[in-house]
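Both backbone and side-chain heavy atoms feed into the values below; hydrogens, waters and symmetry mates do not. If you read the sequence from its start, that first residue is 1, and numbering goes on from there. On a predicted model such as this, the values are computed, not experimentally measured, just so you know.
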Amino acid sequence: MNNNTSDNNTDTVNGTQTMQDNASNLNNMEALSQYLKSEAGTRQGRGIPPLEKWHPEQTVDMDLTIKANGEWWHEGGHVTRESLVSLFATILWVEEKDGDLAYYLKTPVQKMRITVEDVPLFINDIGIVNEDGEQWIEFATTTGDVVRLDDAHLITLRHYESQDDDRANESKVRPYMPVRNGLEALIGRNAFYHLVEIGTLSEQNGETILTLQSGGKSYELSMPSD
C-alpha cells in the first residue's frame, strides 16, 4: 500500500515536471497547447486561468506576432487553427514599464515575450442582449471573450499609425475596448458599422456623436480631434 502511494507521488512529480518542460519548449506550440489543456482540466469551459497569481521567474522571447489585423503569426507562419489561437489567448498578459506595454504568454513557470503590433484581441461580433429588463450591447472577440458596454468597458477612438511598408506612416482612427487584465480589443470594421446601426448619430459643435444605450445608461462616442 505504501509502495503504491510512493509510486503515485512519483508519477505526479514526473507529470508536473513533464508539463513544465513542455511549457518551456517554445518552438513546439503543440507541447504548449497540451500543457495548457492539462492545466485547464479543473476549469469549466474556456475559463481564464488566474494569471495574476502566477509569478514565473523566467522570461524568454517567443517568435510570435499578433498583427494589427488580428492575425497570429508564429516563426513566419500564419497560425490558422482557431482553437489554438483561442487557447493561447487565455494566457495573454500585459505589463507596463516606462510608459511602454510589453505582452506575454504567461504560464506558472515562464513568461514568453511576444510582439503585438496594435492590440492583442479583436472584436468581430456585436449584439443586443436583454437581461432582467435591461438592454445591453454585447461584444465578442474572435478568441472567445464576451464583454458588455458599461462603465468598466468603454469604447475609445484613437489614431493608429500603420507599420506596413506599403502604408508606412498612414494614420487612421480605430475603435478600441478594454476586455480583461489590461488587455484591449480592436473593434473590427464590420462590427463597428453594426454598432453605428445600433446607436444614434447626431451633430454637436461640429462633431459627429454616436450615442449608445447599454444597461440603462447612455454612452457617447465622438471622433478625436487631429
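Contact record, Gly188 with Phe122: CA-CZ, 3.6 Å, taken as the closest heavy-atom pair. For the pair Thr90 and Ile48, the tightest heavy-atom approach, listed with the atom from each and the gap, is O-CG2, 3.7 Å. Listed here is the closest heavy atom pair of Val173 and His159: CG2-CE1, 3.4 Å. Of all heavy-atom pairs spanning Ala191 and Asp125, the tightest one is CB-N, 4.3 Å. Here the closest heavy-atom approach between residue Val94 and residue Tyr103 is recorded as CG2-CE2, 3.5 Å. Nearest heavy atom pair, residue Pro56 against residue Lys106, reads CD-CE, 3.8 Å.
Formation of a donor-acceptor pair under 3.5 Å by the Asp98 side chain with backbone atoms of Asp100 is not found in this model. Within the 3.5 Å criterion, the main-chain N or O of Val147 finds no donor-acceptor partner in the side chain of His153. Between the Glu134 side chain and the Gly216 main chain, a donor and an acceptor come within less than 3.5 Å of each other. No donor-acceptor pair under 3.5 Å is formed between the side chain of Thr65 and the backbone N or O of Lys67.
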- Yes or no on side-chain contact (heavy atoms from CB on, under 4.5 Å) for Val60 and Gln110, after CA distance, side-chain angles and deciding distance? CA-CA 8 Å; Val60 297; Gln110 195 173 68; 3.8 Å; yes
- Going through the distances and angles, do Val119 and Leu183 end up as a side-chain contact (heavy atoms from CB on, under 4.5 Å)? CA-CA 8 Å; Val119 294; Leu183 301 172; over 6 Å; no
- Item | side-chain contact (heavy atoms from CB on, under 4.5 Å) assessment of Leu121 paired with Asp145 | CA-CA 9 Å; Leu121 302 174; Asp145 292 284; 4.0 Å; yes
- Dump the intermediate steps for side-chain contact (heavy atoms from CB on, under 4.5 Å) on Leu149 and Met177, then the final yes or no. CA-CA 9 Å; Leu149 177 61; Met177 190 175 196; 4.3 Å; yes
- Task: Apply side chain to side chain donor-acceptor pair (under 3.5 Å) to the pair Trp73 and Glu71, showing each step before the final yes or no.
- Result: CA-CA 7 Å; Trp73 287 70; Glu71 294 178 350; 3.0 Å; yes
- Message: salt bridge (charged side-chain N to carboxylate O under 4.0 Å, His left out), that's the test. Do Glu161 and Arg174 meet it? Break it down for me.
- Response: CA-CA 10 Å; Glu161 190 170 292; Arg174 308 179 87 178; over 6 Å; no
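Between Asp151 and Lys217 there is a salt bridge, since a side-chain N of the basic residue sits under 4.0 Å from a carboxylate O of the acidic one. Residues Arg113 and Glu95 are not paired through a salt bridge, judged by the lack of any N-O separation under 4.0 Å between the basic side chain and the carboxylate.
Transitive grouping of hydrophobic side chains (ILVMFWY, heavy atoms separated by less than 4.5 Å) keeps Val146 and Ile198 in distinct clusters. Follow the hydrophobic side-chain contacts under 4.5 Å out from Val196 and you never reach Trp136; the two are in separate clusters. At a threshold of 4.5 Å between side-chain heavy atoms, the hydrophobic network of Ile, Leu, Val, Met, Phe, Trp and Tyr places Tyr193 and Tyr219 in two separate groups. Met112 and Leu101 fall within a single hydrophobic cluster, where Ile, Leu, Val, Met, Phe, Trp and Tyr side chains are chained together by heavy-atom contacts under 4.5 Å. At a threshold of 4.5 Å between side-chain heavy atoms, the hydrophobic network of Ile, Leu, Val, Met, Phe, Trp and Tyr places Leu157 and Phe139 in one connected group.
Separation of atoms CG (Leu51) and CG (Leu92) is listed at 8.5 Å; rounding is to 0.5 Å. Rounding to the nearest 0.5 Å places CG of Leu195 at 4.5 Å from CG of Leu212. A distance of 6.0 Å separates CG in Leu64 from CH2 in Trp72, rounded to the nearest 0.5 Å. Note that the OG atom of Ser202 and the CD atom of Glu207 stand 10.5 Å from one another [nearest 0.5 Å]. Between atom CD1 of residue Ile123 and atom CD1 of residue Ile155 there is a gap of 7.5 Å, rounded to the nearest 0.5 Å. For the atom pair CE of Met62 and NZ of Lys111, the computed distance is 15.5 Å after rounding to the nearest 0.5 Å.
The neighbour count for Glu82 CD, taken as heavy atoms of other residues, nucleotides or ligands under 6.0 Å away, does not exceed 12. Counting non-hydrogen atoms of other residues, nucleotides and ligands closer than 6.0 Å to CD of Gln204 gives a total above 12.
Side chains of Glu203 and Thr208 form a contact here, defined as non-hydrogen atoms less than 4.5 Å apart. The shortest distance between side-chain heavy atoms of Ile187 and Tyr176 does not fall below 4.5 Å. Taking 4.5 Å as the limit, some side-chain heavy atom of Val85 sits within range of a side-chain heavy atom of Thr143. Within the 4.5 Å cutoff, no side-chain heavy atoms of His194 are placed close to those of Arg189.
Glu52 and Trp54 form no side-chain donor-acceptor contact under 3.5 Å, judged by distance and modelled atom types alone. In this structure, a donor-acceptor pair under 3.5 Å is absent between the side chains of Ser214 and Gln135.
Remark: Lys172 is not positioned above the aromatic ring of Tyr160, lacking an NZ or CZ atom under 6.0 angstrom from the ring centre and at most 45 degrees off the axis.
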